[in-house]
Amino acid sequence: MGRAEIIKAEESLRDFLLNEYRIENERAKMLGKFNEIVDVNKYRRLTISFNDESETLYILIQIASYSAIFDVNESKKVEGGMSIEDTRLIESWIAMKNNKEILQNLSKKRNYSEKYIELRPFDNN
């Protein structure tokens, strides 16, 4: 598995999250509703771990102390505790065709001896 593929996945997720909140945050600022501005810094501790021990590709998403398992094929949360907003965002991101392909490709290209891959899309910001 090449580092370029991991970077591609990290950039895709980072760009998606920033774009999702950009318009909402600009609107809140213009209206003076500063308590509605979303601090995207909470995503600095976001990680994705892959584990393909079954036929279905599942990924574990961790945001701060919250975590949930998502079925990549179905683009749905199957287990775990995470806010509805974060769940919706992750499901939307997974559902995008390019992202689903990226995740599937990453899971296939791992060395047999590797247990998981961690993506950290906000580590470099």
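Every heavy atom of this structure was used, including side-chain atoms; hydrogens, water molecules and symmetry mates were not. Note that the numbering runs from 1 along the sequence shown for the chain.
- Contact record, R14 with E11: NH2-CG, 3.1 Å, taken as the closest heavy-atom pair.
- Taking 4.5 Å as the limit, every side-chain heavy atom of I69 sits out of range of all side-chain heavy atoms of I59.
- Between I61 and F70 there is a side-chain heavy-atom pair separated by less than 4.5 Å.
- No donor-acceptor pair under 3.5 Å is formed between the side chain of D86 and the backbone N or O of M82.
- Within the model, atoms CG of L60 and CD of E79 stand 9.5 Å from one another, a figure rounded to the nearest 0.5 Å.
- Clustering ILVMFWY residues whenever any of their side-chain heavy atoms sit less than 4.5 angstrom apart, transitively, puts Y58 in a cluster other than the one holding Y66.
- With E91 contributing its side chain and K77 its backbone, the two residues share a donor-acceptor pair below 3.5 Å.
- By the 4.0 Å N-to-carboxylate-O rule, R88 lies close enough to E85 to be salt-bridged with it.
- Side-chain contact between W93 and L17 is absent, with no heavy atoms from C-beta onward closer than 4.5 Å.
- A 4.5 Å side-chain heavy-atom check between Y21 and L89 finds at least one atom pair inside the cut-off.
- Side-chain atoms of K76 never come within 3.5 Å of backbone atoms of D71 as a donor-acceptor pair (strictly under, hydrogens ignored).
- Here CD1 of I102 is found 11.0 Å from CD of E10. Values are rounded to the nearest 0.5 Å.
- Residue I23 places its CD1 atom among 12 or fewer non-hydrogen atoms of other residues, nucleotides or ligands, all under 6.0 Å distant.
- Annotation for F16 and S92: closest pair CZ-CB, 3.8 Å, computed over non-hydrogen atoms.
- S12 contributes no side-chain N or O that, together with a main-chain N or O of K8, makes up a donor-acceptor pair within less than 3.5 Å.
- Put simply, CG on N98 and CG on L103 are 11.0 Å apart, with the number rounded to the nearest 0.5 Å.
- Although no hydrogens or angles enter the test, the distance criterion places a donor-acceptor pair under 3.5 Å between the side chain of K100 and the main chain of V72.
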| request: Please report the C-alpha distance between I94 and E74 in whole Å, then the side-chain angles of each, then the deciding distance to 0.1 Å, and finally whether the side-chain contact (heavy atoms from CB on, under 4.5 Å) criterion is met. | output: CA-CA 9 Å; I94 294 171; E74 299 294 322; over 6 Å; no
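- The heavy-atom pair separating S75 from A95 by the smallest distance is OG-CA, 3.3 Å.
- Here the CE atom belonging to M30 is positioned 13.0 Å from the CG atom belonging to N25, to the nearest 0.5 angstrom.
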